[in-house]
Student: 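This structure is in structure tokens; I'll ask about it shortly.
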4 protein chains.
Amino acid sequence: MSGVNKVIVMGHLGQDVEVRFTPAGKAVANISIATSEKFKDKEGNTQERTEWHRIVLFGRTAEVAGEFLRKGSMAYVEGRLQTRKWTDKEGQDRYTTEIIGDRLQLVGGKSDSQGSGAPASHKAPAENTPPPAEDFDDDIPF
Amino acid sequence: MSGVNKVIVMGHLGQDVEVRFTPAGKAVANISIATSEKFKDKEGNTQERTEWHRIVLFGRTAEVAGEFLRKGSMAYVEGRLQTRKWTDKEGQDRYTTEIIGDRLQLVGGKSDSQGSGAPASHKAPAENTPPPAEDFDDDIPF
Amino acid sequence: MSGVNKVIVMGHLGQDVEVRFTPAGKAVANISIATSEKFKDKEGNTQERTEWHRIVLFGRTAEVAGEFLRKGSMAYVEGRLQTRKWTDKEGQDRYTTEIIGDRLQLVGGKSDSQGSGAPASHKAPAENTPPPAEDFDDDIPF
Amino acid sequence: MSGVNKVIVMGHLGQDVEVRFTPAGKAVANISIATSEKFKDKEGNTQERTEWHRIVLFGRTAEVAGEFLRKGSMAYVEGRLQTRKWTDKEGQDRYTTEIIGDRLQLVGGKSDSQGSGAPASHKAPAENTPPPAEDFDDDIPF
DNA sequence: TTTT
DNA sequence: TTTT
């Protein structure tokens, strides 16, 4: 590993968690987290911009997400940036930047109540590495 | 501001810094920083993946970058993620994720020697906000 | 500013917030946040260690803390480390390490319900600097 | 693990690295890193305050530090805060706050040249846990 | 001193 | 697509 590539994101999930499994049985979860910031537009009016963060979790961390998070839940995620290349239907190269999360911390937002209720936290083992994209048969990149 | 949207990146620049100015005279710099990580492929062989981070700096921070950084320089950048929508030549929506840097710290790598040599550091004022995209006439998004 | 000195802490407050004011009328808040980690002791049993973080907030951020946080509230704090020297009653030098917080984010923990209920977030202006310790008349350093 | 306890520090070492070994043969390194910040004093003059960070590294990370770092080297460290209680010669309780580093990244400062010259980076395995204090016979806490 |  |  060379250099530093670190992301910290905390906010609410815009959708329920999608959990899939690789052929080898490893869980992979996709979550989408919103953050927002205020800024002044040209007229000096305060505006709010929402930023959507596409996050991918693997293994036990993915399972924890699938079990404890849902649309509206608040979560803290630590991870790294990764830009993935894919080909669209016209055969053109496209790029999608995602956060590969290696630490997930639930934060007790109202919307995450779900029966069990117990908050949860999970940290991926250091050797955790995303499976190659080929493990999935998706045509649709996201 | 709601939630947390934080990125920390440190690595070497893949190209010289591009500095432009808005019509209002505000500097905007684009830099590209590489980080790399090792991972095991399917055969168990250690591979290295390089990640390129597209970073945008504004104001005084952009000027410091333009003055002290060049291809090969090492830099530490703190900022936030922002995904920008643009339209390609076929009229299709495209998205590019960038790091809006609000803190730049030069780290004394060999390649940044440049006469002056003085290390530098700069932190954007808290109220620093990127200018609207319309300030630029570029057809080319990056 | 040279180098990087950054702390991120999220957890529950062990006590209510203490807010004081400098002679110049600037608010200063002290909060205490717990984090915990699991580890294995010599016998291989899982133990939990709680870490208490002493945090100091200034100005508007301190006021937000005083208004919205209390014992049991959950908060996210970003700041920097600062070790303060003081003299105990025996005349000996003592040192206390604190986190000078410049960003406070409330996270909707159960215990912070308080009537108003509205979550809050505040970021100190970049030029925010702690007042010199002499602004306080305390004999007791913490 | 509950909550977030994260520190990022980058700066120059004030002294050579001290490496010791536990009875079980595990390396433990102590390093001291300086960061500085500018602030305005009461008279409005710009002053610089240096902050010294006491960092403890374990295992392979400690060995890397011992091999590649020395007084004047620049390093990036990621870790967590830990306050340690000890008893001084008068039998009084004393506390020292340290950064338990789990990621060390050398940054190519001039002063770290040392023959080999190769830059280095090391991340502790996730399960890395500091040995109990009793592993050391020191009377002197730091 | 918090929380699960 | 979230949340306030």
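Computed from a prediction, not measured in an experiment: that's the story for all the values here. In what follows, every chain begins at residue 1, and chains take the letters A, B, ... in the order their sequences are listed. Values below: every heavy atom of this structure, side chains too, minus hydrogens, waters and symmetry copies.
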Student: So, the side chain of Asp16(C) versus the backbone of Lys71(C): is there a donor-acceptor pair under 3.5 Å, distance only?
Tutor: yes
Student: Residues two or more places apart in sequence or in another chain: which of them pass salt bridge (charged side-chain N to carboxylate O under 4.0 Å, His left out) with Lys85(B)?
Tutor: Asp93(B)
Student: Can you tell me the distance, in whole Å, between the CZ atom of Arg54(A) and the P atom of dT2(F)?
Tutor: 15 Å
Student: Less than 3.5 Å between a donor and an acceptor, one on the side chain of Ser32(A) and one on the base of dT2(F), is that the case here?
Tutor: no
Student: Using whole Å, what does the distance between atom P of nucleotide dT1(F) and atom CG of Leu69(A) come to?
Tutor: 20 Å
Student: Measure the distance between the ring centre of Trp52(C) and the centre of the six-membered base ring of dT2(E), then answer whether it is under 5.5 Å with planes under 30°.
Tutor: no
Student: Considering only side-chain heavy atoms of Thr50(C), which listed nucleotide, dT2(F), dT2(E), dT1(E), is closest?
Tutor: dT2(E)
Student: Base, sugar-phosphate, or nothing for Thr35(A), non-hydrogen atoms under 4.0 angstrom?
Tutor: nothing
Student: Rounded to whole angstroms, how far apart are CD on Glu37(C) and P on dT2(E)?
Tutor: 19 Å
Student: Determine whether a donor-acceptor pair (N or O, by modelled atom type, separation under 3.5 Å) exists between the side chain of Glu51(D) and the backbone of Thr83(C).
Tutor: yes
Student: Expressed as a whole number of angstroms, how long is the span from His12(C):NE2 to dT2(E):P?
Tutor: 11 Å
Student: Send over the distance from Glu48(C) CD to dT2(E) C1', rounded to a whole Å.
Tutor: 11 Å
Student: Starting from P on dT2(E), measure out to CD1 on Ile33(C) and report it in whole angstrom.
Tutor: 14 Å
Student: Which is it for Glu78(C) and Asp102(C) under the side-chain contact (heavy atoms from CB on, under 4.5 Å) test, yes or no, and what are the steps along the way?
Tutor: CA-CA 6 Å; Glu78(C) 227 175 284; Asp102(C) 51 28; 4.3 Å; yes
Student: Rounding to a whole Å, what distance do you find between Asn30(C):CG and dT1(E):C1'?
Tutor: 14 Å
Student: If I take atom OH in residue Tyr76(C) and atom P in nucleotide dT3(F), what distance separates them, rounded to the nearest angstrom?
Tutor: 21 Å
